[in-house]
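When a ligand or atom number is given, it counts from 1 through the structure's own listing order.
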Amino acid sequence: MLRIITQQADVRAELQRICDRTDNEQVHHKEATVREVLQAVKRQGDKAVLHYTAEFDHQTLKPEELRVSGSELDTAYQQVSKDLLEAIRLACRQIEAFHRQRVPKSWVHFGDDDVVLGKRYTPVDRAGLYVPGGRAAYPSTVLMNAIPAKVANVPRVVIVTPPGAQKAINPAVLVAAQEAGVQEIYRVGGAQAIAALAYGTETIPKVNVITGPGNIYVTLAKKLVYGTVGIDSLAGPSEVLIIADETANPVHVAADLLAQAEHDPMAAAILLTTDTSLAKNVQVAVERQLIDHPRRIDTEKAIAHYGLIVVVESLEAAAQFSNEFAPEHLELQVEDPWALIQHIRHAGAIFLGHFTPEAVGDYLAGPNHTLPTSGAAHYASALGVETFLKHSSIIQYSETALKKVAGAIDLLATAEGLPSHADSVRRRVQQDE
Ligand SMILES: NC(=O)c1ccc[n+]([C@@H]2O[C@H](COP(=O)([O-])OP(=O)(O)OC[C@H]3O[C@@H](n4cnc5c(N)ncnc54)[C@H](O)[C@@H]3O)[C@@H](O)[C@H]2O)c1
Ligand SMILES: N[C@H](CO)Cc1c[nH]c[nH+]1
Ligand SMILES: [Zn+2]
């Protein structure tokens, strides 16, 4: 049962407990497992990858089966319906159009005395995309990761995703990968996949950046390999926070809460509302919609542990709680969402109005669905083309320009006790040296 509390209760403590669900005592023993997996893959490569795939995914693979073959890629097209292929292509077009907006571009500025300053953007050489596959198949995540990597012109893009029954990868995942231009796919998931991409194995290439969402094991592994490789953000178990007033439809609100809860028993689903009767009606609607839910057990776990309805005094108070939580997804199901958004500061993605269920963003609106969770939206953003780019600063000085600043550099270098720095400038500008 989805709990209802009022603003008089300790709302902050409750929201903090939900936010911290990926960093509590229970999770610490999972981190020990993840550390062991990372070390083993680093030392033993494919052997460890295969060992943990057997242990956690219950699939016994030979090294040569790790990479998805060309014939499997071809066959996948025969296993998806024409309508699904068209839906994948529609999503592809919309996601690409969105990500082509405002791609960072290199620039130079020509200043006085022939000084040239600028930024030069280049893609990483290799990107590894994690596509989850434990409890659901995620062709949409393939598109959300691969399309920005392709727009950034990354020369080598590889996908890792866990094998399902009979070692198979969901055909829609394989089709989505090919539609997005990725052919190099490895059947490995969890922490062992992240380790393989971070350190490289005999079969799986070491990459420069790892992107993509995943469960707690994937998220912990990404956190631990950061520094060896770059990562996008900590995009862990999904969450939605809905702010609703009396104009919201309780059945729709309940459906949106369940749409996140069904991802994972660690997913979070929170409603902040000014309307007591809406709170009660949503509680009842959630129970009803759970009755025939095909993923009832896991979804109920999420609702029971990390689901919450709070009756708040005002929409401004709701915005304040939401800013402290910094949700992955924020829905504003209120009469005037554009007035309320003025009070919102931290959220991965914001969905406005009564006809914008979060699912529209999950699949095909265009913006990326790989988003920071567990409070990371306080400092991180959605995956984007820039995730796959880095920039080098460009600096060129002329002799005249260098002479003008030589004295200042001399003083700064001397103040820092670094005489060779001062000398490297002085030797260029003094006539007789
Ligand atoms: N934040 C985002 O942008 C975003 C987007 C999409 C999905 N998600 C999240 O991605 C996650 C997908 O999770 P999933 O489980 O379906 O797939 P997953 O691929 O992330 O995880 C499956 C892997 O977890 C590993 N694993 C499972 N149990 C383990 C254990 N006991 N010990 C060690 N390793 C273990 C296995 O190796 C398996 O391959 C969900 O939490 C969902 O909410 C987040
Ligand atoms: N809601 C997820 C992000 O938390 C993304 C997704 C993919 N498919 C369905 N949903
Ligand atoms: Zn979703």
Side-chain angles (χ1 to χ4, degrees), residues 21-22 26-27 29-38 40-41 49-59 91 95 129-145 159-164 169-170 172-173 176 186-196 211-222 232-240 255-269 295 298-299 301-302 306 327-329 331 348-349 351 357-365 367-374 376-377 380-383:
R21 70 199 185 285
T22 54
Q26 273 175 309
V27 167
H29 82 264
K30 294 187 170 128
E31 188 174 315
T33 308
V34 169
R35 281 184 191 279
E36 178 197 307
V37 172
L38 295 178
V41 173
V49 165
L50 298 176
H51 169 82
Y52 289 115
T53 302
E55 182 171 346
F56 299 132
D57 297 287
H58 315 293
Q59 301 300 314
I95 295 164
L129 319 181
Y130 187 87
V131 174
R135 294 185 154 84
Y138 285 97
S140 57
T141 302
V142 172
L143 304 181
M144 294 290 178
N145 281 260
I159 287 176
V160 290
T161 190
I169 306 292
N170 184 292
V173 165
Y186 297 94
R187 58 184 112 236
V188 53
Q192 56 278 20
I194 301 301
T211 68
N215 66 9
I216 187 68
Y217 297 97
V218 173
T219 308
L220 289 171
K222 278 174 70 183
D232 48 352
S233 69
L234 299 173
S238 301
E239 47 196 41
V240 66
D256 292 3
L257 292 170
L258 291 178
Q260 289 312 291
E262 72 176 353
H263 274 291
D264 192 309
M266 287 188 77
R295 306 164 71 87
D298 280 354
T299 310
K301 272 190 199 154
Y306 306 120
E328 178 194 13
H329 306 103
E331 289 187 0
F351 299 78
E358 186 270 327
V360 81
D362 278 351
Y363 293 111
L364 50 61
N368 212 284
H369 81 201
T370 307
L371 296 162
T373 55
S374 296
S381 315
L383 176 74

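If you check which protein heavy atom lies closest to atom 12 (C) of ligand 1, you get P132 CB, 3.6 Å. The shortest contact between atom 28 (N) of ligand 1 and any protein heavy atom is with Y217 CE1, 3.7 Å. The protein atom (non-hydrogen) at minimum distance from atom 44 (C) of ligand 1 is G236 O, 3.2 Å. Scanning the protein for heavy atoms near atom 43 (O) of ligand 1, the closest one is S238 OG, 2.7 Å. The protein heavy atom nearest to atom 4 (C) of ligand 1 is P213 CB, 3.1 Å. Of the protein's non-hydrogen atoms, the one nearest atom 25 (C) of ligand 1 is G190 CA, 3.9 Å. Nearest protein heavy-atom contact of atom 17 (O) of ligand 1 is G134 N, 2.9 Å. If you check which protein heavy atom lies closest to atom 36 (C) of ligand 1, you get D57 OD1, 3.6 Å.
Using bins of under 30°, 30° to 60° and over 60° for the plane-to-plane angle, the ring pair F351/H329 lands in the tilted bin.
Looking at every heavy atom in both residues, L143 comes nearest to A176 through CD2-O, 3.6 Å. Closest heavy-atom contact between G190 and Y130: N-OH, 2.9 Å. Across all non-hydrogen atoms, the minimal contact from Q192 to V49 is O-CG2, 4.2 Å. The heavy-atom pair separating T161 from V173 by the smallest distance is CG2-CG1, 4.5 Å. Residue Y363 comes nearest to I95 through the heavy atom pair O-CD1, 3.9 Å, listed as atom of the first residue, atom of the second, then distance.
Y52 and E36 form a side-chain donor-acceptor contact under 3.5 Å, judged by distance and modelled atom types alone. Q260 and E358 are linked by a side-chain donor-acceptor pair at a separation below 3.5 angstrom, with hydrogens and angles left out of the test. Side-chain atoms of Y138 and H369 include no donor-acceptor pair closer than 3.5 Å.
No salt bridge links D264 with K301; every basic N to acidic carboxylate O contact stays at or beyond 4.0 Å.
Proximity of P372 to E328: side-chain heavy atoms (C-beta onward) are nowhere separated by under 4.5 Å. Looking only at side-chain heavy atoms (C-beta outward), V142 and L129 stay at 4.5 Å or farther from each other. The closest side-chain heavy-atom distance from P132 to H263 is not below 4.5 Å.
Each of T22, T219, V218 was compared with L234 under the side-chain contact (heavy atoms from CB on, under 4.5 Å) criterion, and only T219 meets it.
Within the 3.5 Å criterion, the main-chain N or O of R135 finds a donor-acceptor partner in the side chain of R295. Listed for the R21 side chain is a donor-acceptor partner under 3.5 Å among the backbone atoms of P237. N368 contributes no side-chain N or O that, together with a main-chain N or O of A382, makes up a donor-acceptor pair within less than 3.5 Å.
For ligand 1, the atoms sitting less than 4.0 Å from at least one non-hydrogen atom of P162 are 19 (O), 39 (O), numbered in the order shown with element in parentheses. The T373 neighbourhood of ligand 1 comprises atoms 1 (N), with distances under 4.0 Å to a heavy atom of that residue. For ligand 1, the atoms lying closer than 4.0 Å to a non-hydrogen atom of G189 are 37 (O), 39 (O). The atoms of ligand 1 that sit less than 4.0 Å from any heavy atom of H369 are 2 (C), 3 (O). Heavy-atom proximity to Y130, at under 4.0 Å, picks out these atoms of ligand 1: 18 (P), 19 (O), 20 (O), 21 (O). Short contacts between ligand 1 and H263, defined as distances under 4.0 Å to a heavy atom of the residue, involve ligand atoms 42 (C), 43 (O). Atoms of ligand 1 lying under 4.0 Å from any heavy atom of V218, numbered from 1 in the order shown and given with element: 20 (O).
Of the options V131, V34, N215, the smallest heavy-atom separation from atom 21 (O) of ligand 1 is shown by N215. Proximity annotation for atom 41 (O) of ligand 1: of T141, V188, D264, D264 comes nearest, heavy atoms only. For the residues R135, E262, K30, the heavy atom positioned nearest atom 16 (O) of ligand 1 is part of R135.
Of all the heavy atoms of Q192, the ones lying under 4.0 Å from any atom of ligand 1 belong exclusively to the side chain. Heavy atoms of Y52 found under 4.0 angstrom from ligand 1: none, in either backbone or side chain. When non-hydrogen atoms are compared, ligand 1 lies under 4.0 Å from the side chain of E328 (C-beta onward) but not from its backbone.
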Taking a 3.5 Å cut-off between nitrogen or oxygen atoms, can you list every pair linking ligand 2 to the protein, with distances?
from     : atom 1 : to   : atom 2 : distance (Å)
ligand 2 : 1 (N)  : Q260 : OE1    : 3.3
ligand 2 : 1 (N)  : H263 : NE2    : 3.1
ligand 2 : 1 (N)  : D362 : OD1    : 2.9
ligand 2 : 1 (N)  : D362 : OD2    : 3.1
ligand 2 : 4 (O)  : S238 : OG     : 2.7
ligand 2 : 4 (O)  : E328 : OE1    : 3.2
ligand 2 : 4 (O)  : E328 : OE2    : 2.6
ligand 2 : 8 (N)  : S140 : OG     : 3.3
ligand 2 : 10 (N) : H263 : NE2    : 3.1
ligand 2 : 10 (N) : D362 : OD2    : 2.9

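The distance from the CG atom of L371 to the OG atom of S233 is 7.5 Å, given to the nearest 0.5 Å. Interatomic distance, OG1 of T53 versus CD of Q59, reported as 9.0 Å (0.5 Å rounding).
Look at A267 and you'll find every heavy atom at least 4.0 Å from all atoms of ligand 1.
Near-neighbour remark for the Zn ion (ligand 3): protein N, O or S atoms under 2.8 Å are H263 NE2, D362 OD2; waters not counted.
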